[in-house]
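Quick notes on the structure that follows.
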Amino acid sequence: AYAGNDAGIGVVAAKQGRRGLLSGAKLRNLFDAIDIHGFGFISLGDAVREQELVQQSLPELLAKWSEIDSDDSGTISWEEFRVFFGDVDDWLEYQLGEIVGMEDLKTQIRRFYKGVMLDQVRKNRGHNVVADLGKYHMIFQGNPGTGKTSMARLMARLLYRVGVLPKDDLVEVQQDQLVAGYVGQTAAKTQKVIGEAAAGVLFIDEAYRLSQGKNDFGREAIEQLMAAMN
């Protein structure tokens with residue numbers, strides 16, 4: 001949670017996800033195989049030309065080209081390639097480095113990430129790790145323009161990369177997308193949104209408004225959300 005004012009809630013609808021990460025040597029070999037001219041970067045034309053290799057080993061290269069091309073140069077450098085497809089630690093530190101300030105929040109995200117990874121290590125060693133899905137439900141608080149939605153997108157991508165989510169989709173909604181105008185309709189409307197966000201992250205912007213209406217429709221939405229979160 002990040003302290004401040006206007007709050008958004010991130011709800012994870014999760015099952016296990018992402019493919020295994022590639023070793024550094026394997027990753028470099030793939031990059032060099034696509035960058036056949038040795039320019040030190042990959043163009044979209046390179047990726048299309050080597051489409052068979054890309055689809056077999058790195059299908060996200062084309063699907064998420066604009067995200068990987070972080071400097072909007074139209075090409076993907078080795079550093080951008082390594083950060084996206086390589087170790088999660090490198091990727092996370094790169095993403096946090098792009099955020100100005102908010103050091104306390106960055107520390108919380110690092111701590112959260114380490115906790116998830118430790119749980120995975122314990123499971124791999126045969127320990128009985130009780131699933132605590134509640135730790136994936138989060139509240140982002142802060143004044144307008146402080147980056148709450150951006151942080152929710154970052155968490156969706158992080159949860160995907162560590163295998164908690166099978167995809168990194170973020171569904172962003174506000175009060176009117178959850179609450180109906182007549183008795184008995186809100187629960188179904190809210191449940192429909194929850195279903196649309198399944199396997200990704202549901203982000204409710206200005207969630208506090210659900211408890212401020214003159215009728216009970218907002219509370220009905222809260223109850224439906226709580227049922228899904230529990």
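Predicted, not measured: the structure shown is a model, and the values here were computed from it.
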Can you tell me if [X] uses its side chain to pair, donor with acceptor, with the backbone of [Y] under 3.5 Å?
X	Y	answer
Gln177	Gln174	yes
Thr186	Glu220	no
Lys114	Ile109	no
Thr190	Ala221	no
Lys189	Asp176	yes
Lys148	Phe140	no
Lys64	Pro59	no

I need the minimum non-hydrogen distance between [X] and [Y], along with the two atoms involved.
X	Y	value
Trp65	Gly74	CZ2-O, 3.6 Å
Ala228	Ile194	CB-CD1, 3.7 Å
Glu80	Ile68	CB-O, 3.5 Å
Phe217	Val179	CB-CG1, 3.4 Å
Arg219	Ser211	NH2-O, 3.7 Å
Leu61	Ala47	CD2-CB, 4.0 Å

Worksheet item: Which ILVMFWY residues can you reach from Phe41 by hopping between side chains whose heavy atoms are under 4.5 Å apart?
Response: Phe39
Worksheet item: With clusters built from Ile, Leu, Val, Met, Phe, Trp and Tyr whose side-chain heavy atoms come within less than 4.5 Å, directly or transitively, what are the remaining members of the cluster of Val100, listed by chain and number?
Response: none
Hey, what do you get for [atom1] ([X]) to [atom2] ([Y]), rounding to the nearest 0.5 Å?
X	Y	atom1	atom2	result
Asp168	Met155	CG	CE	13.0 Å
Leu96	Leu154	CG	CG	6.0 Å
Leu170	Leu159	CG	CG	11.0 Å
Leu210	Gln175	CG	CD	5.5 Å
Met151	Thr149	CE	OG1	11.0 Å
Arg153	Glu67	CZ	CD	11.0 Å

Partners passing side chain to side chain contact (heavy atoms under 4.5 Å, CB included) against [X] (at least two apart in sequence or in another chain):
X	value
Asp89	Asp87, Tyr113
Phe31	Arg28, Asp35, Ile42, Trp78, Phe81
Ala63	none

Discussion item. If hydrophobic clusters are built by linking Ile, Leu, Val, Met, Phe, Trp and Tyr wherever their side-chain heavy atoms come under 4.5 Å apart, do Ile36 and Leu58 end up in the same one?
Written reply: no
Worksheet entry | Derivation of the side-chain contact (heavy atoms from CB on, under 4.5 Å) call for Val88 and Leu158 | CA-CA 8 Å; Val88 180; Leu158 175 60; 3.9 Å; yes
Would you check if [X] and [Y] make a side-chain contact, meaning some heavy-atom pair closer than 4.5 Å?
X	Y	value
Ile76	Leu44	no
Arg157	Trp91	yes
Asp205	Val173	no
Glu206	Tyr208	yes

Discussion item. Please determine whether side-chain contact (heavy atoms from CB on, under 4.5 Å) holds for the pair Val201 and Asp169, giving the CA-CA distance in whole Å, both sets of side-chain angles, and the decisive distance to 0.1 Å.
Written reply: CA-CA 6 Å; Val201 170; Asp169 292 355; over 6 Å; no
For residues 48-56, which side-chain donor-acceptor pairs fall under 3.5 Å, sequence neighbours excluded?
from, atom 1, to, atom 2, distance (Å)
Arg49, NH1, Asp46, OD1, 3.0
Arg49, NH2, Ile34, O, 3.2
Arg49, NH2, Asp46, OD1, 3.4

Item to complete: Please step through side-chain contact (heavy atoms from CB on, under 4.5 Å) for the pair Ser73 and Asp69, ending with a clear verdict.
Response: CA-CA 7 Å; Ser73 65; Asp69 178 19; 3.3 Å; yes
Discussion item. Does Val193 form a side-chain contact (heavy atoms from CB on, under 4.5 Å) with Ile204? I'd like the steps, not just the answer.
Written reply: CA-CA 10 Å; Val193 170; Ile204 305 168; over 6 Å; no
Fill in: Pair Glu196 + Lys192, salt bridge at N-O below 4.0 Å
yes
Item to complete: Using a cut-off of 6.0 Å, state whether more than 12 heavy atoms not belonging to Met226 lie near its atom CE.
Response: no
